[in-house]
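The block underneath contains the structure these notes are about, expressed in C-alpha cells.
Please read all numbers here as calculations on a predicted model, not as lab measurements.
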Amino acid sequence: MKQYYSCEPTLNDNQIIDFLKDGYTVLEGVIPSDINKETMAFLKENESFEPNEILSEEWFIDNVIKNVEVVGIVRSLLGNDFGLPPMMSNHRIEYPTVAGGWHRDGNSQFNCELWNLQVFYLPQPCTIEMGPTEILPGSHLLYSANDHLNHLDRIRGTEYMMGRPGSIFITNYSIWHRRSSSMWSETSGVRNLLKYNYHRTEHPNRDWLSDV
C-alpha cells in the first residue's frame, strides 16, 4: 500500500473551524453495505485485536481507507500527501460489559497543531446497548495527563459513537474517549470497532476550500 495520499479537499473554512473546536465529525453510513459485510467476514476469520492483514486487502483500502468522502475531509485537515494508516486495531468486545476508563491515546500532545487524526469505523450497526465509544467534544483542547482522568466516570455533554453499518467517526487524536457501559443491556453479542490513524507530513498551507 502506498504510504502517502492526496486528493482534493472538501471542507470549507467554517467546517474546518467546527472540527478544530469540537474535535470530531461524523459520516453516517458512508461505507457501502457489501464492504461492511466483507469486513465483518474478515474479522470473523481474524479475531486479533490488531488485524493488520486487512491493510493488504485492496477492497478495504479502496473503499474504507481511501473512501472519497473520508479522504476529502482528511486532506482538508492534514494537508497534501498525508500519511495512510500504518496499522489497524479492532476494539472488539463482548457485551454487556463495564465501562472503560477515560483516556487520551499514547503520544497525545497538548497544543493547537493538528498532526494526527484518529478514525473509528463501524462495519456493523452499533446501538447504545452495545457499549459504543464515548467521546467528550472539545476535550482535545483541555490539558490533562491520562493518570488525571482515572477518577472520572460520567461527564456531562459526551457523545456516543453509534450508528448504522458503514459509519465513520473522524476525531482529533488527543480527544478524550472510553468504552461506555453496557451492563444494563438486556441483549448480548460482539461489537467490532476498527480504529486507525492518518498523519500530516507537511506544515499547514492555506490551500483548502473557501467560502469567500
Side-chain angles (χ1 to χ4, degrees), residues 11 14-31 36 49 69-70 73-74 76-78 85 88-198:
L11 297 184
N14 289 333
Q15 291 169 321
I16 290 176
I17 290 172
D18 286 342
F19 181 90
L20 296 177
K21 177 184 66 177
D22 298 332
Y24 78 104
T25 191
V26 180
L27 292 170
E28 182 77 17
V30 69
I31 306 300
N36 297 325
F49 291 109
E69 294 189 53
V70 173
I73 294 175
V74 175
S76 302
L77 297 169
L78 297 183
M88 180 65 59
S89 298
N90 184 12
H91 287 227
R92 181 180 186 274
I93 64 165
E94 295 185 14
Y95 64 91
T97 189
V98 298
W102 285 102
H103 64 281
R104 296 164 45 167
D105 276 9
N107 298 317
S108 291
Q109 298 181 357
F110 178 72
N111 55 46
C112 294
E113 297 180 344
L114 179 61
W115 284 89
N116 299 280
L117 293 174
Q118 180 174 252
V119 179
F120 300 84
Y121 162 43
L122 290 175
Q124 66 185 106
C126 182
T127 64
I128 193 66
E129 292 83 6
M130 298 167 70
T133 296
E134 186 177 8
I135 65 169
L136 180 62
S139 56
H140 59 294
L141 300 174
L142 303 175
Y143 175 74
S144 182
N146 269 339
D147 56 0
H148 295 165
L149 303 179
N150 292 337
H151 70 285
L152 299 175
D153 187 10
R154 299 185 63 183
I155 303 176
R156 181 177 297 176
T158 61
E159 298 286 345
Y160 295 92
M161 293 186 179
M162 54 187 179
R164 66 179 189 267
S167 294
I168 295 281
F169 302 84
I170 302 175
T171 73
N172 186 295
Y173 182 82
S174 297
I175 203 164
W176 300 7
H177 60 286
R178 71 168 183 172
R179 178 186 67 246
S180 62
S181 173
S182 54
M183 289 301 294
W184 53 273
S185 176
E186 296 181 357
T187 63
S188 62
V190 174
R191 185 211 72 189
N192 291 276
L193 176 66
L194 292 180
K195 185 174 79 169
Y196 46 96
N197 303 321
Y198 298 91

Exercise for review: For residues Met162 and Thr127, determine if any side-chain heavy atom of one lies less than 4.5 Å from a side-chain heavy atom of the other.
Suggested key: no
Exercise for review: Please confirm whether the backbone N or O of Asn192 pairs with a side-chain atom of Gln124, one donor and one acceptor, at under 3.5 Å?
Suggested key: yes
Review point. Can you find a pair of side-chain heavy atoms, one from Tyr198 and one from Pro85, that are under 4.5 Å apart?
Key: yes
Check your understanding: Where do Ser181 and Met183 come nearest, in terms of heavy atoms and distance?
Key -> OG-N, 3.3 Å
Review point. Given Glu134, which of Arg178, Arg179, Arg154 fulfils the salt bridge (Lys or Arg N to Asp or Glu O under 4.0 Å) condition?
Key: Arg178
Review point. Does some side-chain heavy atom of Tyr173 sit less than 4.5 Å from a side-chain heavy atom of Trp115?
Key: no
Check your understanding: Would a distance-only check, ignoring hydrogens and angles, find a side-chain to backbone donor-acceptor pair under 3.5 Å from Asn36 to Ile31?
Key -> yes
Review point. Does any non-hydrogen side-chain atom of Ile175 lie less than 4.5 Å from one of Leu136?
Key: no
Exercise for review: Over all heavy atoms of both residues, which pair between Tyr24 and Thr171 is shortest? Give the atoms and the distance, please.
Suggested key: CB-CG2, 3.9 Å
Revision key, fill the gap. Tightest non-hydrogen contact, residues Thr158 and Pro137, listed as CA-CD, 4.2 Å
**Study point:** Check: Arg191 side chain, Gly131 main-chain N or O, donor-acceptor pair, under 3.5 Å
**Key:** yes
Review point. Does the side chain of Thr187 come under 3.5 Å of the side chain of Glu129 through a donor N or O and an acceptor N or O?
Key: no
Point to revise | Exercise: identify the closest heavy-atom pair between Leu114 and Leu117 | key: CD1-CD2, 4.0 Å
Point to revise | CG on Leu20 to CG on Leu77, rounded to 0.5 Å | key: 7.0 Å
Check your understanding: Do Asp22 side-chain atoms and Gly138 backbone N/O form a donor-acceptor pair below 3.5 Å?
Key -> no
Point to revise | Pair Thr133-Lys195, side-chain contact (heavy atoms from CB on, under 4.5 Å): steps then yes or no | key: CA-CA 11 Å; Thr133 296; Lys195 185 174 79 169; over 6 Å; no
Exercise for review: Please confirm whether the backbone N or O of Ile170 pairs with a side-chain atom of Thr25, one donor and one acceptor, at under 3.5 Å?
Suggested key: no
Practice item. Using atom types as modelled and distance alone, determine if a side-chain donor or acceptor of Ser182 lies under 3.5 Å from a backbone N or O of Thr97. Key: yes
Review point. Can you check whether Phe19 reaches Ile73 side chain to side chain, under 4.5 Å on heavy atoms?
Key: no
Study note, to complete from the structure: Taken to the nearest 0.5 Å, the spacing of Ser180 OG from Glu159 CD works out to 12.5 Å
Check your understanding: With no hydrogens and no angle check, is any side-chain donor or acceptor of Ser174 less than 3.5 Å from a backbone partner on His140?
Key -> no
Check your understanding: If you measure from CD1 on Ile168 to CE on Met161, what distance do you get to the nearest 0.5 Å?
Key -> 11.0 Å
Point to revise | CA sep, side-chain torsions, deciding dist, call: Ile16, Leu11, side-chain contact (heavy atoms from CB on, under 4.5 Å) | key: CA-CA 6 Å; Ile16 290 176; Leu11 297 184; 3.9 Å; yes
Check your understanding: For the residue pair Leu193 and Phe120, what are the closest heavy atoms and their distance?
Key -> CD2-CD2, 3.7 Å
Check your understanding: Is it true that a side-chain atom of Ser167 and a backbone atom of Gly29 form a donor plus acceptor pair closer than 3.5 Å?
Key -> yes
Study note, to complete from the structure: Heavy-atom closest pair (Ile135 atom, His177 atom, distance to 0.1 Å) is CG2-CB, 3.9 Å
Review point. Do the side chains of His103 and Trp176 get nearer than 4.5 Å, heavy atoms only?
Key: no
